[in-house]
K.L.:
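Before we start, here is the structure in question, set down as structure tokens.
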Amino acid sequence: MNNVVVLGATGSIGTSTLDVIARHKDSYTLYGATAHSNYFKMAQIIREFAPVVVVMTEKNACEELRAIVKSEGHKTQVLFGQEALCAVATSEEVDSVMSAIVGSAGLKPTLAAISQGKTIYLANKESLVMTGRIFVDSARRYKAKLLPVDSEHNAIFQCLPEEEQALIGRCDLPKASISKIILTGSGGPFRELDIVKLKDVTPSQAVAHPNWAMGKKISVDSATMMNKGLEFIEARWLFNAKTDDIEVIIHPQSVIHSMVQYCDGSVLAQLGEPDMRTPIARAMAWPKRITSGVKPLDFTMLSALTFMKPDFARYPCLKLAIEASNVSQAMTTAVNAANEVAVGAFLQGDIAFTDIYTVCARVAEKFVLASDDDLDAILEVDLKARMQAYSEIAVL
Ligand code: NDP
Ligand code: MG
């Protein structure tokens, strides 16, 4: 039996993970689940899965949930706060942790789980982007297995030779005869919009992704293609790849989830419906496979598969993220932090869609020379970059 903790259980990835667990209750137990404020959904999770413990990080939501648990007579313990996230993720009974909190809030519990050698199903790319080498070195030191959930990285993982799959975080691509990793992305909802109209797009237009149903933050990141920039950095760390080893290609149909090109000219691709239950099931069952509830692709219903180079004038955030990763960890951390603040401001209607880039770029340039030696230095960069982002928003 695999005792699983789902960090971010009420979100889009969390819900898909619980769907997979529900199909395999003989192999997986939901030991713990966490959320921020959605106590209504957490109460449903408790009724269905009866986890040993849940955590809410918003005080009122925690009180509401405790009242429901008491009145309905559930045995589940309800804890509050950030420290409790780490406590649950590191419980001795826990085998694996689905890291699916959105944004930097996922960092501490994920690192805590790594430090106890848990198997990590990694959806929360921001925690890896924020800390880079610290994250992968920590996984190596504590023998915590990293299994990528992000659909592109899971696709690449599936196209790697078995020996490399066992070495996530320290792959040797040349030794495996791999000449390129090809990261695909749909280009988001504004792929064909007149560039001058980008400044006027609304949050509801930005979160309406053409192919995937996801949380709001990653949906906006997909529209700016900052998501692909973060994924570029994620791929560098997971597959120990250099900048030149990775190519980003726009593939609007989201049928191919990414590819690996070998030195003999062969290209291996992973295809499937755009449904996160496939990569989640692949990560959770590795090295085996389990059913996920995802219907197979119907090739006769597919139109053409098309591919194009990303246009950096349309997607400057993609370029910025790649450049930052070539400069330093501090600049990368700063871009990630500024993006989180800017996307939040855009979703609240405080700034324009195109201001997301402006804020990130202005913050990034202030952190070129910042220190990035250890976790404390990185956390300081993250905090200062957020404050700088708020200042930049104020003077837009
Ligand atoms: P959602 O916004 O749907 O869910 C986020 C989850 O995190 C919710 O459970 C939410 O709780 C919880 N949460 C939010 N803020 C905090 C906080 N401050 N402290 C603790 N918990 C918090 O996000 P997604 O599921 O879309 O994305 C989760 C992660 O997975 C992201 O890092 C994203 O980049 C990555 N990812 C997502 C994909 C997708 O298809 N959705 C694909 C690939 C990667 P509550 O509901 O109570 O607010
Ligand atoms: Mg992805």
Side-chain angles (χ1 to χ4, degrees), residues 5-19 32-45 54-62 64-65 79-86 88-89 98-110 120-130 148-157 183-188 207 209 211-222 225-235 238 248 251 254 256-258 270 272-280 283 294 336 339-340 343-344 347:
V5 165
V6 180
L7 300 171
T10 50
S12 162
I13 293 287
T15 303
S16 294
T17 305
L18 295 178
D19 185 279
T34 83
H36 182 56
S37 59
N38 194 344
Y39 66 87
F40 184 78
K41 200 157 181 184
M42 189 57 97
Q44 289 173 331
I45 292 171
V54 302
V55 180
M56 302 300 294
T57 48
E58 204 271 321
K59 190 79 190 151
N60 289 337
C62 184
E64 295 282 356
L65 187 65
L79 303 178
F80 166 72
Q82 298 290 329
E83 307 236 312
L85 292 178
C86 296
V88 172
M98 169 59 74
S99 171
I101 289 175
V102 59
S104 59
L107 177 67
K108 284 192 178 163
T110 306
I120 309 292
Y121 310 133
L122 185 67
N124 174 241
K125 66 194 88 183
E126 294 94 338
S127 56
L128 175 56
V129 168
M130 249 176 107
V149 168
D150 209 349
S151 60
E152 296 76 5
H153 306 74
N154 190 273
I156 294 160
F157 175 79
L183 201 58
T184 56
S186 71
V207 299
H209 195 278
N211 307 332
W212 297 90
M214 308 184 285
K216 283 184 182 168
K217 193 245 174 195
I218 186 175
S219 297
V220 176
D221 286 349
S222 299
M225 277 192 95
M226 179 61 93
N227 183 49
K228 212 49 58 184
L230 300 179
E231 291 183 353
F232 185 96
I233 299 162
E234 184 184 11
L238 288 176
V248 176
H251 165 47
S254 301
I256 294 176
H257 300 312
S258 278
Q270 189 262 354
E273 285 287 328
D275 186 323
M276 288 306 293
R277 290 176 300 174
T278 295
I280 288 167
V294 177
N336 176 65
N339 181 59
E340 214 172 305
V343 169
L347 283 170

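Keep in mind that this is a model prediction, so the values were computed, not measured. Counting starts at 1 for both ligands and their atoms, in listed order.
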K.L.:
What do you reckon, does Ser37 have a nitrogen or oxygen under 3.5 Å from a nitrogen or oxygen of ligand 1?
P.N.:
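N/O-N/O distance below 3.5 Å exists for this pair.
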
K.L.:
For ligand 1, does Ala9 get within less than 4.0 Å through its side chain, its backbone, both, or neither, judged by non-hydrogen atoms?
P.N.:
backbone

K.L.:
Mind checking whether Ala105 contacts ligand 1 via backbone (N, CA, C, O), side chain (CB onward), both or neither, at a 4.0 Å heavy-atom cut-off?
P.N.:
side chain

K.L.:
Can you check whether Met276 has an N/O within less than 3.5 Å of an N/O in ligand 1?
P.N.:
no

K.L.:
Looking only at non-hydrogen atoms, which of Asn124, Ile280, Asn154, Ile218 approaches atom 36 (N) of ligand 1 most closely?
P.N.:
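Checking each option, the heavy atom nearest atom 36 (N) of ligand 1 is found in Ile218.
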
K.L.:
If you define the side chain from C-beta out and look only at heavy atoms, does anything of Ser258 sit under 4.5 Å from His153?
P.N.:
no

K.L.:
Between the main-chain N or O of Lys41 and the side-chain N or O of Asn38, is there a donor-acceptor pair closer than 3.5 Å?
P.N.:
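Between the backbone of Lys41 and the side chain of Asn38 there is a qualifying donor-acceptor contact (under 3.5 Å).
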
K.L.:
Report yes if some N/O of His36 lies less than 3.5 Å from some N/O of ligand 1; otherwise report no.
P.N.:
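Yes, there is a polar N/O contact under 3.5 Å.
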
K.L.:
Under 3.5 Å between some N or O of ligand 1 and some N or O of Asn38?
P.N.:
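N/O-N/O distance under 3.5 Å: yes.
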
K.L.:
If you stand at the Mg ion (ligand 2) and look out to OE1 of Glu152 and OD1 of Asp150, what angle do those two lines make, to 10°?
P.N.:
100°

K.L.:
When you measure from the side chain of His257 to the backbone of Asn154, do you find a donor-acceptor pair of N or O atoms at a distance under 3.5 Å?
P.N.:
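Between the backbone of Asn154 and the side chain of His257 there is no qualifying donor-acceptor contact (under 3.5 Å).
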
K.L.:
Which bit of Ile13 gets closer than 4.0 Å to ligand 1, counting heavy atoms only: side chain, backbone, both or neither?
P.N.:
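For Ile13, backbone and side-chain atoms both sit under 4.0 Å from ligand 1.
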
K.L.:
Heavy-atom contacts under 4.0 Å between Thr57 and ligand 1: side chain, backbone, both, or neither?
P.N.:
side chain

K.L.:
Test your reading of the structure: does Trp212 have an N or O sitting under 3.5 Å from an N or O of ligand 1?
P.N.:
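In fact, backbone or side chain, Trp212 has no N or O that close.
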
K.L.:
Between Asp150 and ligand 1, does any nitrogen or oxygen pair lie at a separation below 3.5 Å?
P.N.:
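Checking ligand 1 against Asp150, no N or O pair falls under 3.5 Å apart.
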
K.L.:
With a heavy-atom distance limit of 4.0 Å, tell me whether Met42 approaches ligand 1 through its side chain, its backbone, both, or neither.
P.N.:
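Answer for Met42: neither.
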
K.L.:
List every atom of ligand 1 that sits less than 4.0 Å from any heavy atom of Lys125, numbering the atoms from 1 in the order shown and giving each element.
P.N.:
32 (O), 34 (O), 44 (C)

K.L.:
Gly11 versus ligand 1: do any nitrogen or oxygen atoms come within less than 3.5 Å of each other?
P.N.:
yes

K.L.:
Could you name the option among Asp275, Val102, Thr10, Val129 that has the heavy atom nearest to atom 9 (O) of ligand 1?
P.N.:
Thr10

